[in-house]
Amino acid sequence: MFNKKLSIISVLMNNEDTILKMKNSVTNQNLQDYEHIFCLSKKSKDNTGDIVYKYLNANDKVFYESDNTINKFDAINQAIKISKGRYIFLLHGDDYIINENFFSEIFNIISKEHDKGIFYTNINIVNRYDEIKRNWTAVSDNNLKLSNAWLIPHTGILIDRYKVKDIDLYYNSDFFISGDLLYILKLIKNYQKLFKKVNIYSVNMLNTGDSSKFKNILEQFNQDRQILKKFFPKNYLKIIFFKKFSKVYQFFV
């Protein structure tokens, strides 16, 4: 079923300024048993696609999203469907892996954790000058529970497809901002014993995603509310408050 150890998935739209840094952070990895899948958005208005094709290598796969793609989570699902790696790792078009030893290091750890199957890391939030603005330190697996699921960044997770059912690998595309929150909540609900924190910083994430845009603040609150209310009908507002507060706290640690 799997002909590669790892599938790295990148959904791209208007990333011409950052795509090469992201791609090079993968190409320069010591581990080479991977495929890098690029899902190109048909809504891109810059030269992202041209740059990707210009610098293709043997480990790369490129395809354009379907005409009726709903959002980035739908595009990720399309990439997952064609992926052939045992492990799945997401890397957005304006993010990059911090050091070239990352995959070698994490797979060395994974090889000793036979009972685990969902490995997650810390990440940094950076500005366009690569200055770290926030350390996203993920919650330890000993303290992980549904009510703090949002302390795990969905970029920085490796999922073992031998341990997680195929149907649970896919995102719910009904939530274009908070789909990652719902994804992690469902994984914890179904596979909490498989979670293992690897206490390293894996990725620098540029703070330009949908959840970071001021115009989306109310919409994100609404989506968070809908999702958390299903899991915590009595205290979802309290959890939303702590979710927001934790991001402020991370600026000072």
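Source: prediction; values computed, not measured.
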I need the [X] [atom1] to [Y] [atom2] distance, nearest 0.5 Å.
{"X": "Thr27", "Y": "Asn57", "atom1": "OG1", "atom2": "CG", "answer": "5.0 Å"}
{"X": "Asn71", "Y": "Asn77", "atom1": "CG", "atom2": "CG", "answer": "9.0 Å"}
{"X": "Glu65", "Y": "Leu40", "atom1": "CD", "atom2": "CG", "answer": "8.5 Å"}
{"X": "Asn30", "Y": "Glu100", "atom1": "CG", "atom2": "CD", "answer": "5.0 Å"}
{"X": "Ile200", "Y": "Phe119", "atom1": "CD1", "atom2": "CZ", "answer": "12.0 Å"}
{"X": "Ile118", "Y": "Lys196", "atom1": "CD1", "atom2": "NZ", "answer": "14.0 Å"}

Under 6.0 Å between the ring centres of [X] and [Y]?
{"X": "Tyr87", "Y": "Phe2", "answer": "no"}
{"X": "Phe63", "Y": "Phe38", "answer": "no"}
{"X": "Phe73", "Y": "Tyr170", "answer": "no"}

Donor-acceptor pair, [X] side chain versus [Y] backbone, under 3.5 Å?
{"X": "Asn108", "Y": "Ser104", "value": "no"}
{"X": "Ser44", "Y": "Asp46", "value": "no"}
{"X": "Asn15", "Y": "Met13", "value": "yes"}

Lys4 to Tyr34 six-membered ring, cation-pi geometry met (6.0 Å, 45°):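 Because its charged atom misses either the 6.0 Å distance or the 45° angle limit, Lys4 does not stack over Tyr34.
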Do [X] and [Y] touch side chain to side chain, with heavy atoms closer than 4.5 Å?
{"X": "Tyr55", "Y": "Ile19", "answer": "no"}
{"X": "Ile88", "Y": "Leu158", "answer": "no"}
{"X": "Asn222", "Y": "Leu218", "answer": "no"}
{"X": "Leu187", "Y": "Ile159", "answer": "yes"}
{"X": "Val126", "Y": "Lys133", "answer": "no"}
{"X": "Ile217", "Y": "Phe221", "answer": "no"}
{"X": "Asp95", "Y": "His92", "answer": "yes"}

Identified side-chain contact (heavy atoms from CB on, under 4.5 Å) partner of Phe231 from the options Ile239, Leu181, Ile188, Leu182: Leu182
Nearest heavy-atom pair of [X] and [Y]: which atoms, and what distance?
{"X": "Leu169", "Y": "Ile80", "result": "O-CD1, 3.3 Å"}
{"X": "Pro153", "Y": "Ile123", "result": "CB-CD1, 3.7 Å"}
{"X": "Leu151", "Y": "Trp136", "result": "O-NE1, 3.2 Å"}
{"X": "Lys197", "Y": "Asp141", "result": "N-OD1, 3.0 Å"}
{"X": "His154", "Y": "Asp180", "result": "ND1-OD2, 3.3 Å"}
{"X": "Ala149", "Y": "Leu185", "result": "CB-CD2, 3.7 Å"}

Heavy-atom neighbours of Lys193 NZ exceed 12 at 6.0 Å: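 No, NZ of Lys193 has 12 or fewer neighbouring heavy atoms, counting only those of other groups under 6.0 Å.
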Neighbour count >12 (heavy atoms, 6.0 Å) for atom NZ, Lys189: no
Pairs meeting criterion salt bridge (charged side-chain N to carboxylate O under 4.0 Å, His left out) with involvement of residues 27-38, two or more places apart: Glu35-Lys61
Pair Ser66-Asn68, side chain to side chain donor-acceptor pair (under 3.5 Å): steps then yes or no: CA-CA 5 Å; Ser66 63; Asn68 60 345; 3.0 Å; yes
Ion pair check, Asp160 and Arg86, cut-off under 4.0 Å: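 Result for this pair is yes, salt bridge flagged.
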Asp17 with Arg128: basic N within carboxylate O range, under 4.0 Å: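 A salt bridge is absent here (no side-chain N lies under 4.0 Å from a carboxylate O).
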Partner of Tyr183 under ring pair (Phe, Tyr, Trp, His ring centres under 6.0 Å), chosen from Tyr171, Phe175, Trp150: Tyr171
Worked verdict on Asp60 versus Tyr53 for side chain to side chain donor-acceptor pair (under 3.5 Å): CA-CA 9 Å; Asp60 297 339; Tyr53 279 107; over 6 Å; no
Shared-cluster residues of Tyr201, by chain and number - hydrophobic side chains joined below 4.5 Å: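 Tyr201 clusters with Ile98.
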